[in-house]
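Let me begin by presenting the structure, written as structure tokens, before commenting on it.
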Amino acid sequence: MTESTLPLSGRRIALPESRELDLFADMLLKRGADVLRCPLVSIHDAPDQEPVLAWLRDFSQGQWDDLILLTGEGLRRLVGAAERADSGLLEPFLARLAQVRKITRGPKPGAALRKLGLKADVVAVAPTSEGVVQTLQAEDLQGRRIAVQLYGTDPNPLLIDFLTGAGAQVSTVAPYVYADDVEDARVEQLIEALCAREVDAIAFTSATQVRRLFQIARRGVGEQALCAALGSITVAAVGPVVAEELTTRQVTVDLMPESSFFMKPLVRELVRSLGQGADDPDLS
């Protein structure tokens with residue numbers, strides 16, 4: 001197949017992804033797309049590790065009944081913190097992790113568990129905090145000890161208030177923080193490209209990317225102009241959490257994987273929507 005016959009030949013796609021930017025970009029470049037890279041956020045370990053280590057010790061030694069994992073990144077950061085601790089913390093943490101009931105918000109924490117040889121006991125009916133609440137609503141949580149790994153530093157009052165209101169004893173941990181990964185000027189350049197219709201599509205892989213983009217637009221062209229620009233191109237979301245963040249800002253989501261909310265299915269949907277010819281067998 002020549003470059004001109006590749007399915008995304010002639011298409012320019014903006015990628016605000018950070019952690020797996022090169023992997024995402026390579027999948028699109030392989031299919032002929034021109035990629036505009038602008039990582040909007042990066043993820044770092046919590047700057048104060050002592051509360052994380054204190055939580056790990058308490059979780060490893062305590063009689064916890066459940067652990068709610070909101071993100072795969074959070075579990076990976078907890079394992080990393082335990083590995084770096086010089087107190088032999090990793091082994092007891094993994095042992096306790098294997099014993100508790102593990103409740104996951106979506107597929108990514110489930111994937112992180114599988115890498116540890118474990119699996120989720122309960123998967124939320126929808127990959128959102130509301131989905132976790134809905135999943136647990138019919139249960140008697142009175143007196144249950146429930147540990148919660150938070151999404152970034154968001155205290156998640158919806159979920160925590162539900163658990164405490166149901167009589168559970170709750171302990172939360174925030175093992176990572178989001179940080180800006182590029183200068184504001186780079187984000188402004190991305191917004192200018194969107195407003196000038198210089199891209200055919202933009203593919204969001206986290207709600208934080210959406211919030212960051214609108215934060216910078218608010219200081220410059222304005223949210224209305226950004227919404228108008230996004231309305232003139234194809235907007236792709238990796239999953240329902242990202243889609244919800246976009247729709248609450250009156251941005252239409254044109255495509256999203258139906259069930260598996262990862263990059264490969266997202267690329268598949270981009271090829272189907274923007275591509276030339278048949279589906280790519282490598283994405284099946």
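Just the heavy atoms: all of them, side chains too, but no hydrogens, waters or symmetry mates, feed the values below.
Side-chain contact between I202 and P16: present, with at least one pair of heavy atoms (C-beta onward) separated by less than 4.5 Å. Side-chain contact between K102 and D121 is present, with heavy atoms from C-beta onward closer than 4.5 Å. In this structure the side chain of V148 never reaches within 4.5 angstrom of the side chain of N156, judged on heavy atoms. Side-chain atoms of T71 and R105, non-hydrogen and from C-beta on, do get closer than 4.5 Å to each other. Looking at heavy atoms from C-beta onward, I216 lies out of side-chain contact with L40 at the 4.5 angstrom threshold. Between T247 and V253, some side-chain heavy-atom pair lies under the 4.5 Å cut-off.
Taking all atoms of both residues into account, the shortest heavy-atom contact from R76 to A112 is NH1-CB, 4.1 Å. The heavy-atom pair separating D200 from G10 by the smallest distance is OD2-O, 3.8 Å. Shown here for R31 and V267, the closest heavy-atom pair between the two residues is CD-CG1, 4.1 Å. Nearest heavy-atom pair, C38 versus R186, reported as atom, atom and distance to 0.1 Å: SG-O, 3.7 Å. Closest approach of T104 and G110 over heavy atoms only: CG2-N, 4.1 Å. Here the closest heavy-atom approach between residue C195 and residue A225 is recorded as SG-O, 4.2 Å.
For residues 216-237, the salt bridge (charged side-chain N to carboxylate O under 4.0 Å, His left out) pairs, not counting sequence neighbours, are D184-R219, R218-E223.
Going from atom CD of Q99 over to atom CG of L97 covers 9.5 Å, rounded to the nearest 0.5 Å. Once rounded to the nearest 0.5 Å, the distance linking CZ of F24 with CG of L266 reads 4.5 Å. Between the CG atom of L70 and the CG atom of L67 there is a distance of 9.0 Å, given to the nearest 0.5 Å. Within the model, atoms CG of D254 and CG of L246 stand 10.0 Å from one another, a figure rounded to the nearest 0.5 Å. Atoms CZ and CG, on R268 and L255 in that order, are 12.0 Å from each other to the nearest 0.5 Å. In this structure, CG in L270 is found 6.0 Å from CG in L28, a value given to the nearest 0.5 Å.
Side-chain atoms of R211 do not come within 3.5 Å of backbone N or O of E245 as any donor-acceptor pair. A donor-acceptor distance shorter than 3.5 angstrom exists from the side chain of T135 to the backbone of V125, with no hydrogens or angles considered. Judged purely by atom type and a 3.5 angstrom limit, R11 uses its side chain to pair as donor or acceptor with the backbone of L274.
The pair R145-D65 does not meet the salt-bridge criterion, since no charged nitrogen lies less than 4.0 angstrom from a carboxylate oxygen. Classification of R101 and E139 as a salt-bridged pair holds, one side-chain N sitting under 4.0 Å from a carboxylate O.
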**Report entry** side chain to side chain contact (heavy atoms under 4.5 Å, CB included) assessment of E73 paired with Y151
**Finding:** CA-CA 9 Å; E73 185 68 35; Y151 181 93; over 6 Å; no
Report task. Go through F93 and V79 one step at a time and tell me if the side chain to side chain contact (heavy atoms under 4.5 Å, CB included) criterion holds. Result -> CA-CA 8 Å; F93 171 64; V79 170; 4.0 Å; yes
Requested in this report: In sequence, state the C-alpha distance, the side-chain angles, and the governing distance for R57 and E50, and then conclude on salt bridge (Lys or Arg N to Asp or Glu O under 4.0 Å).
Outcome: CA-CA 10 Å; R57 295 185 194 101; E50 190 47 47; 3.2 Å; yes
Query raised in the report: Given V173 and Q149, is the side chain to side chain contact (heavy atoms under 4.5 Å, CB included) satisfied, shown in steps?
Result: CA-CA 5 Å; V173 62; Q149 171 261 307; 4.2 Å; yes
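In this structure Y176 satisfies the ring-ring contact (aromatic ring centres under 6.0 Å, His included) test together with Y178, sequence neighbours excluded.
Using modelled atom types, one finds no donor on one side chain facing an acceptor on the other under 3.5 Å when comparing S273 with E269.
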